[in-house]
Protein chains: 2
Amino acid sequence: MKSSDKHEKIIRAAVKVFAKKGFFSARISDIAKVAKVADGTIYLYFNNKFDILISVFDEEIGKFIAQTKKLVDQEENPRKKLEVFALKHLSMAKENKSLAEIIQMELRQSHKLIKEYRKTIFSEYVDIISAIIRQGQEKNIFRKDIKPGIAKRAYFGALDEMTRLWVLSPKPPYDIKETAKQISSMFLQGINAE
Amino acid sequence: MKSSDKHEKIIRAAVKVFAKKGFFSARISDIAKVAKVADGTIYLYFNNKFDILISVFDEEIGKFIAQTKKLVDQEENPRKKLEVFALKHLSMAKENKSLAEIIQMELRQSHKLIKEYRKTIFSEYVDIISAIIRQGQEKNIFRKDIKPGIAKRAYFGALDEMTRLWVLSPKPPYDIKETAKQISSMFLQGINAE
DNA sequence: GGCCGCTAAATGAATAATCATTCAGATTTT
DNA sequence: AAAATCTGAATGATTATTCATTTAGCGGCC
C-alpha cells in the first residue's frame, strides 16, 4: 500500500474520532482502529497526537478557504459577495459536519499553539469579509462609518454561531439558504422596520 | 478558617488555572497550589475535577445573566434594550477576562455533559435577545420577516466573536462602547448606505 | 517462473510518564 | 478530648510513545 494512502486514512479517521470524543478524550488506539492501522503506524506519519490535530486543520481548512475566495471573486456586487460568503460558510458546515464540529470545538482550545494557529488561519478567512466591506464602502454602497474590522467579526460571528447550532443539533433546525439570506439581509438592511 | 472561604478560594484559583492552561491540561495540584490548599482538600469541596468546572460556570455565569436581565428590563425601547445588552456583554468580557476566556474555550468542549450544559445556560441568555426582538416586532419597530431564532444567534454570535478578540489579544483593540454601538447599529440600520 | 537477499513499512506488546483520587494520620476547632 | 477539618504521600488507572520483531515489496540471478 502506498504511504500516501495511510496518511489520508489516518487523517480521515482522526476527523471522525476527534469529532466524536474530542481531542483530549480521543485515544490514539481509537484512531488506529478506525483507520485499520496499528497504533505504531500512526507515529510513522505524525510526530504526536497534537500533530494529527494540526494536520487535520491544515489540510482541510486550507482547501475550504481557497474555495470560498474563488466563489466570492466570481461576484461583482459587494452585497452579492456577502451573500455568497454566508451561503458557502453554512453549506460547508452542513456537508462536512465532523470537520465543522472539530473547528467549533477544538480550534477554541486554550493550548498556546492552537491559539496562535487560530489567529493566523482565521485572519485569512475573515479578512475576505473585511475586503468586501471596504470595496463596498469605496463604491458608496456601504456606510462609511462602519469599521471593517468590527463588521468582519460580527458577520463571521453570526455565521459561526449558526454553525454551532447545526453542530449541536441532530437536525438542522433552519434551512441553509433561508438562514444565509436572513443573515446577509440583517447585515445589509438591518432589522429596523423602514 | 471557615469552609465557605475555602470553597471560594478554590473556585477563584480554578478560574485562573483553567483560563491559563485549559481544563484538560490544568492539574488539580496546580489549582491546589494557587488556592494555597492541599490537593486532597479540593475533594472535600468538590466531587471531581469536572465538578469544579461546572461550579465555576454555575456560580459565575448565573450572576452575570441575572445582572443582564435586570439592566435590559430597565429600558423601555427595544432598540435601546439591544444596545444595553451589547454593552453589558462586552463589558463583562473586559472586566472578567479569565472567566470570559473559560467561557470561550471550555464551554465549547465536545464533552457530552458540557454540550448539554451549554445548551441550557446559553438558551437562557440568548433568549433575552429573541424576547427583545419579538417585543419590537409586536410594536412594529422591527421587521416582521426576521426570525427571532436566527436573529438572536446572529446578534449573540457577533458579540461573542468580538469577545474572542478581547480574550486572544493582550490589549482590547477597540473601545468597548464604540464596539457595542457599531454592532447594535449594524443590526438595526444595516450596513447599506441609505 | 521461482528463489534469494535486502530494505522499507507495519505491527502491537511493553514501557514510562502523568495525574486524578484516596485515605491514614496530623492539626485545628469547639 | 472529641469532632471537624485538613494534609500530601501513595495508589492505581490511563494512555501516549517506543522499539524489537515481523511482514511485504522488489530487483537481480539462475
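A quick note: this is a predicted structure, and the numbers were derived from the prediction, not measured. Throughout, protein chains are lettered first and strands after them, A, B, ... in sequence-line order, and every chain is numbered starting at 1.
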Would you mind writing out the side-chain donor-acceptor pairs for residues 25-39 of chain B within the sub-3.5 Å range, not counting sequence neighbours?
unit_1, atom_1, unit_2, atom_2, d
B:Asp30, OD2, B:Lys21, NZ, 3.2
B:Asp30, OD2, B:Arg27, N, 3.0

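- Across all their heavy atoms, A:Leu99 and A:Glu60 have their closest contact at CD2-CB, 3.5 Å.
- Evaluation of the side-chain hydrogen bond (donor to acceptor under 3.5 Å, both in side chains) rule for B:Lys49 yields no partner, not counting sequence neighbours.
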Find every protein N or O atom lying less than 3.5 Å from an N or O atom of nucleotides 19-23 of chain C, and list the pairs.
unit_1, atom_1, unit_2, atom_2, d
C:dA20, OP1, B:Ala26, O, 3.2
C:dA20, OP1, B:Lys49, NZ, 3.1
C:dA20, OP2, B:Ile28, N, 2.8
C:dT21, OP2, B:Tyr43, OH, 2.6
C:dT21, OP2, B:Lys49, N, 3.0
C:dT21, O5', B:Tyr43, OH, 3.4

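- Across the protein-nucleic acid pair, A:Lys33 atom NZ and C:dT11 atom C1' stand 16 Å apart, rounded to whole Å.
- The salt bridge (charged side-chain N to carboxylate O under 4.0 Å, His left out) search around B:Lys147 returns A:Glu178, not counting sequence neighbours.
- Per the geometry, CG belonging to A:Leu44 stands 17 Å off P belonging to D:dT23, to the nearest Å.
- Partners of A:Glu59 under the side-chain hydrogen bond (donor to acceptor under 3.5 Å, both in side chains) rule, at least two apart in sequence or in another chain, are A:His7.
- For the pair A:Tyr45 OH and D:dA16 C1', the computed distance is 20 Å after rounding to whole Å.
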* **Watson-Crick and G-U pairing of DNA chain D written in dot-bracket, each distance under 3.5 angstrom, with | for inter-strand partners** => ||||||||||||||||||||||||||||||
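- Under the salt bridge (charged side-chain N to carboxylate O under 4.0 Å, His left out) criterion, B:Asp127 pairs with B:Lys152, not counting sequence neighbours.
- The stretch residues 161-183 of chain A participates, sequence neighbours left out, in no ring-ring contact (aromatic ring centres under 6.0 Å, His included) pair at all.
- Neither OP1 nor OP2 of D:dT5 sits under 4.0 Å from any side-chain N or O of B:Lys6.
- A:Ile31 has its CD1 atom 17 Å from the C1' atom of C:dT11, to the nearest Å.
- B:Glu161 is linked by a salt bridge (charged side-chain N to carboxylate O under 4.0 Å, His left out) to A:Arg118, B:Arg164, counting only residues two or more places apart in sequence or in another chain.
- The distance between atom CD1 of A:Ile42 and atom C1' of C:dA9, rounded to the nearest whole Å, is 15 Å.
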